[in-house]
Amino acid sequence: MQLKLKLTVVAAIAAAAGVASAQEQVVKIGHVAPVSGAQAHYGKDNENGARMAIEELNAQGVTIGGKKIKFELQAEDDAADPKQGTAAAQKLCDAKVAGVVGHLNSGTTIPASKVYNDCGIPHVTGAATNPNLTKPGYKTTFRIIANDNALGAGLAAYAVDTLKLKSVAIIDDRTAYGQGVADVFKKTAAAKGMKVVDEQFTTDKATDFMAILTAIKAKNPDAIFYGGMDPQGGPMLRQMEQLGMGNVKYFGGDGICTAEIAKLAAGAKTLANVICAEGGASLAKMPGGTAWKAKYDAKYPNQFQVYSPYTYDATFLIVDAMKRANSVDPKVYTPELLKANFKGVTSTIAFEPNGEMKNPAITLYNYKDGKKTPLN
């Protein structure tokens, strides 16, 4: 009799556990960035930010539509390659993720945005800055960082108005990002009376810039603007020093505005000539930046680059829209994203009708004693 009673109790506990797990719903959120190749340090940092958010959300015990939600991150690698980017986007669509954080590069995010639009999944980027991203008017595309119009213009204004520089040579890596930010800088600088003395092109795989830097040196510019990422920026600074271009200022957007560029410049004194811009406030001026960074460093020591606070916020932003819609169905909660007034670590996030952020901040930086330091 006692054995029978025990078995009945065990069966009842098992049945209750079955009911509890049946009421728990797994919701996948995708993340895409380059976690292989020369830009893997950015991609890993981005993924860390999204992963940290997922873990914190699960610890909170979120309930949506009467069900306890268990969030899972489905992380994909696009290797900063547009074809791989669209393949990763399609993979996430096929996996029926509820939303996507990413991508990192404009060159991968722009083609992927069409894939997400076609399958009806919202994506939020906190890193891709080319203004063309929001031009198609997809209802599924959101950006929570300033675009290149703000970055390029801010850098050009500083070069002309503050530093009183008269001439510049422009180099870009021919990617959507590099070309875009360089074009905005060039147009703004020229409109302010700065002379563009040379334009050169490279690729996002190159490491030898001696020929283009030698051609530029002959034109004797006050500054170089580079549209591209730090795997090229660092070696370029070393080669500028080798060519005796130690008095030339070096401007660039958020792609070179990293801690990593100091390592990649490998002690080149030209690092002190770098002035770069990032969308958003500096960590110290972000509403939750300092406390968040301490938490991030404890979890992912020496991995912080630039965008992880944005991928962290983007993940929470998606879940905030789900909570307000009381649904994890992208068709139901996507319109709520546009109505966001989300108090994140980076800022309070609200959107223009096209998915661009309202009133995005930008911050200029230089490198003092090899450390990235906010100018404003």
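The shown structure was predicted, so the numbers you read here are calculated from the model rather than taken from an experiment. Just so it is clear, the values below take in all heavy atoms, side chains as well, and ignore hydrogens, waters and symmetry mates.
Put simply, OG1 on T175 and CD on Q232 are 9.0 Å apart, with the number rounded to the nearest 0.5 Å. With rounding to the nearest 0.5 Å, the separation of NZ in K217 from CG in L243 is 6.0 Å. Going from atom CG of L73 over to atom CD1 of I54 covers 5.0 Å, rounded to the nearest 0.5 Å. Summarising the geometry, atom CG belonging to L271 is positioned 12.0 Å from atom CZ belonging to R238; distances are rounded to the nearest 0.5 Å. Atom CD1 of I349 sits about 10.0 Å away from atom CG of N341, to the nearest 0.5 Å. Remark: F351 CZ to K358 NZ distance equals 10.5 Å, nearest 0.5 Å.
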Please determine whether side-chain contact (heavy atoms from CB on, under 4.5 Å) holds for the pair I275 and Y158, giving the CA-CA distance in whole Å, both sets of side-chain angles, and the decisive distance to 0.1 Å. CA-CA 9 Å; I275 295 144; Y158 188 79; 4.1 Å; yes
Between K249 and D222, is a salt bridge (charged side-chain N to carboxylate O under 4.0 Å, His left out) present by the stated rule, with each step listed? CA-CA 6 Å; K249 292 286 184 194; D222 296 331; over 6 Å; no
In sequence, state the C-alpha distance, the side-chain angles, and the governing distance for S106 and L133, and then conclude on side-chain contact (heavy atoms from CB on, under 4.5 Å). CA-CA 7 Å; S106 296; L133 173 63; over 6 Å; no
Would you check, one step at a time, whether the test side-chain contact (heavy atoms from CB on, under 4.5 Å) holds for V32 with T109? CA-CA 9 Å; V32 192; T109 313; over 6 Å; no
Starting from the C-alpha separation in whole Å, work towards a yes-or-no answer on side-chain contact (heavy atoms from CB on, under 4.5 Å) for I121 and L92. CA-CA 9 Å; I121 294 173; L92 292 176; 5.7 Å; no
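In this structure the side chain of Q303 reaches within 4.5 angstrom of the side chain of K44, judged on heavy atoms. At least one side-chain heavy atom of P309 sits less than 4.5 Å from a side-chain heavy atom of F304. Side-chain atoms of E356 and F142, non-hydrogen and from C-beta on, never get closer than 4.5 Å to each other. Side chains of T125 and I144 form no contact here, defined as non-hydrogen atoms less than 4.5 Å apart. Within the 4.5 Å cutoff, the side chain of F71 has heavy atoms near those of the V62 side chain. No side-chain heavy atom of M194 sits less than 4.5 Å from a side-chain heavy atom of S167. Contact check for L165 versus V160: no side-chain heavy atoms found under the 4.5 Å cut-off. At a threshold of 4.5 Å between non-hydrogen side-chain atoms, the residues F185 and V168 count as touching.
The side-chain contact (heavy atoms from CB on, under 4.5 Å) check on N220 picks up nothing, with sequence neighbours excluded. Evaluation of the side-chain hydrogen bond (donor to acceptor under 3.5 Å, both in side chains) rule for E72 yields no partner, not counting sequence neighbours. Judged as a ring-ring contact (aromatic ring centres under 6.0 Å, His included), and not counting sequence neighbours, the contacts of Y116 are H103, H123.
Side-chain atoms of Y296 and N48 include a donor-acceptor pair closer than 3.5 Å. Checking Q239 against E241 by side-chain atom types alone, no donor-acceptor pair falls below 3.5 Å. Defined by atom type and a distance below 3.5 Å, a donor-acceptor pair is present between the side-chain atoms of D198 and Q200. Side-chain contact check for N132 and K135: at least one donor-acceptor pair (N or O, by modelled atom type) lies under 3.5 Å. Side-chain N/O atoms of D94 and Q90 include a donor and acceptor closer than 3.5 Å. Between the side chains of D254 and Y177, at least one donor-acceptor pair of N or O atoms lies under 3.5 Å. Under the 3.5 Å distance criterion, with hydrogens and angles disregarded, a donor-acceptor pair is assigned to the side chains of S36 and D77. If you check the side chains of N46 and T311, you find no donor sitting under 3.5 Å from an acceptor.
Salt bridge status for D183 with K187: absent, with no side-chain N to carboxylate O gap under 4.0 Å. The existence of a salt bridge linking E76 and K91 is confirmed by a sub-4.0 Å separation between a basic side-chain nitrogen and an acidic carboxylate oxygen. Using a cutoff of 4.0 Å between basic side-chain nitrogens and carboxylate oxygens, E199 and K219 are not scored as salt-bridged. Under a 4.0 Å N-O distance rule, the pair D297/K299 does not qualify as a salt bridge.
For an aromatic pair to be called close, the ring centres must be under 6.0 Å apart, and Y312 with F316 satisfies this.
In terms of modelled atom types and a separation under 3.5 Å, the side chain of T363 and the main chain of G280 share a donor-acceptor contact. With hydrogens and angles disregarded, a donor-acceptor distance shorter than 3.5 Å links the side chain of D313 to the backbone of V345. T141 contributes no side-chain N or O that, together with a main-chain N or O of T134, makes up a donor-acceptor pair within less than 3.5 Å. At least one donor-acceptor pair under 3.5 Å links the side chain of D208 to the backbone N or O of M210. Not a single donor-acceptor pair under 3.5 Å links the side chain of N105 to the backbone N or O of G107. Put simply, the side chain of N130 gets close to the backbone of A176: a donor and an acceptor are under 3.5 Å apart. When atom types are taken as modelled, the side chain of K96 and the backbone of C93 share no donor-acceptor pair closer than 3.5 angstrom. Counting only distance, with no hydrogens or angles, the side chain of R143 and the backbone of A128 share a donor-acceptor pair below 3.5 Å.
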Donor-acceptor contacts under 3.5 Å from residues 324-332 side chains, at least two apart:
residue: R324; atom: NE; partner: D320; partner atom: OD2; Å: 3.0
residue: R324; atom: NH1; partner: E336; partner atom: O; Å: 3.2
residue: R324; atom: NH1; partner: E336; partner atom: OE1; Å: 2.8
residue: R324; atom: NH2; partner: D320; partner atom: OD2; Å: 3.4
residue: R324; atom: NH2; partner: E336; partner atom: O; Å: 2.9
residue: N326; atom: OD1; partner: G65; partner atom: N; Å: 2.8
residue: S327; atom: OG; partner: D329; partner atom: N; Å: 3.0
residue: D329; atom: OD1; partner: K331; partner atom: N; Å: 2.9

Return a table of donor-acceptor pairs under 3.5 angstrom between the side chains of residues 257-264 and protein atoms on other chains or two or more places apart.
residue: T258; atom: OG1; partner: D230; partner atom: OD2; Å: 2.6
residue: T258; atom: OG1; partner: E260; partner atom: N; Å: 3.4
residue: T258; atom: OG1; partner: I261; partner atom: N; Å: 3.1

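The side-chain tip of K114 does not point at the ring of Y138 from less than 6.0 angstrom away and within 45° of straight on.
Note on V101: it clusters hydrophobically with F342, by side-chain heavy-atom contacts below 4.5 Å among ILVMFWY residues.
Residue I256 comes nearest to Y250 through the heavy atom pair CD1-CE2, 3.8 Å, listed as atom of the first residue, atom of the second, then distance. Closest approach of A182 and D172 over heavy atoms only: CB-CB, 3.9 Å. Heavy-atom minimum distance, G178 versus D173: CA-OD1, 3.4 Å. Nearest heavy atoms, G279 versus L151: N-CD2, 3.4 Å. Closest of all the heavy-atom pairs between A298 and P301 is O-CD, 4.2 Å. Scanning all heavy atoms of the two residues, the minimum distance from A281 to A361 falls at N-CB, 4.1 Å.
For the side-chain hydrogen bond (donor to acceptor under 3.5 Å, both in side chains) condition, the pairs that include at least one residue of residues 264-279, sequence neighbours left out, are E278-K372.
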